[in-house]
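Working notes, beginning with the structure itself.
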Amino acid sequence: MTEVIEKKKTIFSGIQPSGILTLGNYIGALRNWVKLQDDPAYNCIYCVVDLHALTVRQDPAALRRRCVETLALFMACGLDPEKNILYCQSHVPAHSELGWLLGCFTYMGELQRMTQFKDKASKHADNINAGLFTYPVLMAADILLYGTDLVPIGEDQRQHLELARDIAIRFNNLYGNVFTVPEAYIGKAGRRVMSLTEPTRKMSKSDEENSYIAILDKPEDIRRKLRRAVTDSDGVIRYDREGKPGVSNLLEILSAITGEEMEALAARFEGQGYGALKDAVADAVIQELSPVRSRYEEFLADKPYLEQIMQNNAGRAAKLALRTMSKVHKKLGLAPYKL
Ligand code: TRP
């Protein structure tokens, strides 16, 4: 292995194949990932975590379709399957396998404390399955399999990442330096896109349709949703997250897309009405997302190409995973074998 490769940091993140990715995912995650792919300091791995999705009931045909669609959307956003590894979790069995092994190093009490588990258990009271409970262990396996240094995640996944770190440290203390202890990689502060209808909450696809913009929304829907975005009644365009969350969110979106500073934007719109601001945001978002949408359709129209990408990238991931797995097997004392 060359020195250069050794020094590179590994970035790993997972996204559920839940169908819709929003403007929040685009600005907060995907767009930044595209920038990282040309940075020689990083090796980036992005995984569609279909196994995690199974913790709630899925329609098989829809799940199958959504995994492929999510990969197509990654690529449509500009992620290059040669510069990054883009693949489906279930195609690399080492995830499940390491998940089991790490489960033997995770305490019930730790999992019981996970706020997402408590949350989901109360939402799906009729299906509190063991997978829902051990979800964070599988997530730890995802991360630790690749010697991940940095994990881009939102606030809601921080507790899970903390657990992954604890498991890694615990394992290393017992068996020597096997796992890299990962850290959160939080992008530029203040780049959180808020709901259009309740601008004090994060934009989320699980809320009502008018509250979010999907990356694949049609231009007319984007414009309609932005026109309806909640603002306030004082009619002044000014950046003030606390006092004017709706207007500030629109300014944030515009600034994130055009790269203009907030002050410059506020000055540009001084004395204008909210309608002008909303139209400007709509223009910018539509211009940004239209090419993504057309590339997405092109990719989806070429299933054999997508399948080939999935196959190749899963192979690349599996190769990396195997290195970790053989180390782990050895350390744990599992009898040696060759496949
Ligand atoms: N739990 C994450 C979420 O819901 C998805 C995920 C699974 C993930 N494995 C991961 C994120 C590994 C980062 C790293 O959003």
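Whatever order the structure lists ligands and atoms in, that order sets their numbers, starting from 1. Every value quoted in this text rests on a predicted model; they were computed, and no experiment measured them.
Closer than 4.0 angstrom to ligand 1 lie heavy atoms from F12, S13, G14, Q16, V49, H52, Y135, M139, D142, I143, V151, I153, Q157.
No side-chain donor from either of R170 and N173 sits under 3.5 Å from a side-chain acceptor of the other.
The closest side-chain heavy-atom distance from V181 to N172 is below 4.5 Å. Between W33 and C44 there is no side-chain heavy-atom pair separated by less than 4.5 Å.
Checked against the 6.0 Å centroid threshold, H160 and F117 do not count as a close aromatic pair.
A salt bridge (Lys or Arg N to Asp or Glu O under 4.0 Å) check over residues 12-30, counting only residues at least two apart or in different chains, returns nothing.
R268 and E260 are joined by a salt bridge, as a carboxylate oxygen and a charged side-chain nitrogen come within less than 4.0 angstrom of each other.
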